[in-house]
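Take a look at the structure below.
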Amino acid sequence: MGLSELTVERISRGLKAGEFGSEETVREFLRLAEIRSAKTGSFVEIYGQSALEEARASDERRRQGKALSDLDGVPVALKDNLLLAGKRAEAASAILRGYVSAYDATAVRRLREAGAVFLGRTNMDEFAMGSSTETSIHGPTRNPWDTERVPGGSSGGSAAAVAEGSVPAALGSDTGGSIRQPAAMCGAVGLKPTYGRVSRYGLIAMASSLDQIGPLTRTVGDAAIILKAIEGWDGADSNSVRLKPEWAVPERWTDGLKGVRIGLPKEYFSSELDPDIRGLVMAAAAKMEGMGAELTEIDLPHAKYALSVYYVLMPAEVSANLARFDGVRYGNRAEADDLVGTYRRTRGQGFGVEVRRRIMVGNYVLSSGYYGDYYRKAQQVRRLIVGDFRLAFGKCDLILSPTAPSVAWKLGGKADSMSMYLADIFTVSANVAGLPGISLPCGLSNGLPVGLQILGPHFSDGNVLAAAHAYEQARGPFGFPPPLEG
Ligand code: GLN
């Protein structure tokens, strides 16, 4: 098995045992990332030199018996909306083209302090708005399973990079599904932690009450390793939570799912669901039942409003967060004759169509005449959705569903924004309610990966990971896509 096929866990073990060094490992991933990213556009920048320097420093620490953690020397990639001091972070937008981060995001700093090596930054939809990684200033990312298809989004670059074997782990961000949905479409594992578990400090904000940083990896065990490295309280994020010991990710996995009650929301398995996807998800549920889980049908009566709630609240927060990019305080300025003209030109030229659409919708739903009809109403329904989950988690421990209603579609295949928004139908609820959720592969439909989503109550990330791990063991290894280098 080549170095690039190894998981974080395996690389970490190999480094510890002196089987190979970090420099050798990083060199191999850099080589493959160059070749494969040229085919898929997974990376927007590969850090050749700094990655090798970090790898050598890691090898040196190890030689002196001073390894910083199990992640010391392991390569990771970062989505283009995460700040890494001295490197560009552009959120795939013209308005931030050339922006160099002045500091590390907290999650990034924690990886640095653990000794991880930063391999590069990955492509995304502009400001994380999208489900296909097509709205980037760098052009689209392609799905490594079929380069005529999208990788999902908005963390499509991170998902493709991991799936194609260019890097063993990457960070993404998830506001309405942007970690889980691309993971599903590329055959990777993607975890959105409970809201408040991972600090948002240094993440270029999209919608602050929904945003969460999390890992994309090839295995559930690797997602757990990365989560443990990045989670925890941070004074720089006012929504950050002090983790209680009982919320910890388990140190050891127990196989089997004895007595775990798994809820299947009947609203998510409607007759319109793609029969292949239904079949694979139900087969996964049956497998889990065979491992001791109890399956129960549950109700999420307000689930049908989740998408509408999300597409009111999210743009409202987007319009507030993106107000700072005026070409004066933040963002590349496009000069005009007067100040208002400069604002107009800066924002008109700096933001793409989808970003401008959301800013306009956000301003509309927040405007005095419509606030009550839209924004306040959406907040009220948000409470109902939270209540649905609270009731459901009285009857079950975890909830199982598909991650996405379809497999990866063809590039350009969802030209109207509404059909793109519908791709988020199963993922947005977890953000609206702040719950942890994971997506992991449960099979192929016509040669394309299908994702299984597992949701849990607040701060049950450890249980979500444990159940996903148990299923993953029973499923067996999920392979790589056919080699890209032909
Ligand atoms: N696809 C969703 C959207 O376009 C989710 C984006 C995200 O999670 N960042 O808003």
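Only this structure's heavy atoms are used, side chains among them; waters, hydrogens and symmetry mates stay out. Note that ligands are numbered from 1 as they come in the structure, with each ligand's atoms numbered from 1 the same way.
Between Val220 and Glu472, the shortest heavy-atom contact is N-OE2, 3.0 Å. Residues Leu71 and Ala229 share a closest heavy-atom pair of CD1-CB, 3.6 Å.
Residue contacts with ligand 1: Lys79 is placed with no nitrogen or oxygen under 3.5 Å of a nitrogen or oxygen of the ligand (distance criterion only). At a 3.5 angstrom cut-off on N or O pairs, Ala128 counts as close to ligand 1. Residue Met314 has no N or O atom closer than 3.5 Å to an N or O atom of ligand 1. The shortest N/O to N/O separation between Asp424 and ligand 1 falls below 3.5 Å. Among the atoms of Asp174, none of the N or O lies under 3.5 angstrom from an N or O of ligand 1.
In the vicinity of Ser154, heavy-atom distances shorter than 4.0 Å reach the ligand 1 atoms 9 (N). For ligand 1, the atoms lying closer than 4.0 Å to a non-hydrogen atom of Gly176 are 5 (C), 7 (C), 8 (O). Proximity to Tyr311 (heavy-atom distance under 4.0 Å) selects the following atoms of ligand 1: 2 (C), 3 (C), 4 (O), 10 (O).
Residue, atom and distance of the protein heavy atom nearest to atom 6 (C) of ligand 1 are Ser178 OG, 2.8 Å. Closest to atom 1 (N) of ligand 1, if we only count protein heavy atoms, is Ser131 OG, 2.8 Å. Looking only at protein heavy atoms, the nearest one to atom 5 (C) of ligand 1 is Tyr310 OH, 3.4 Å.
A salt bridge does not link Glu90 with Arg97: every distance from a Lys NZ or Arg NE/NH1/NH2 to an Asp or Glu carboxylate oxygen is 4.0 Å or more. Using a cut-off of 4.0 Å between Lys/Arg side-chain N and Asp/Glu carboxylate O, Glu354 and Arg357 are scored as salt-bridged. For the pair Asp237 and Arg200, the salt-bridge criterion is met [side-chain N within less than 4.0 Å of a carboxylate O].
Cation-pi geometry between Lys244 and Phe459 is not met at under 6.0 angstrom from the ring centre and within 45 degrees of the axis.
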With side-chain contact (heavy atoms from CB on, under 4.5 Å) as the criterion, how do Thr122 and Leu78 come out once you've worked through the C-alpha distance, each side chain's angles and the decisive distance to 0.1 Å? CA-CA 6 Å; Thr122 56; Leu78 301 175; 6.0 Å; no

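Contact annotation: for Arg358 versus ligand 1, heavy atoms closer than 4.0 Å belong to the side chain alone. At a heavy-atom cutoff of 4.0 Å, ligand 1 is contacted by the side chain of Met206 but not by its backbone.
Ring geometry for Phe127 versus Phe351: interplanar angle over 60°, hence perpendicular rather than tilted (30 to 60°).
A donor-acceptor contact shorter than 3.5 Å is absent between the side chain of Asn123 and the backbone of Val44.
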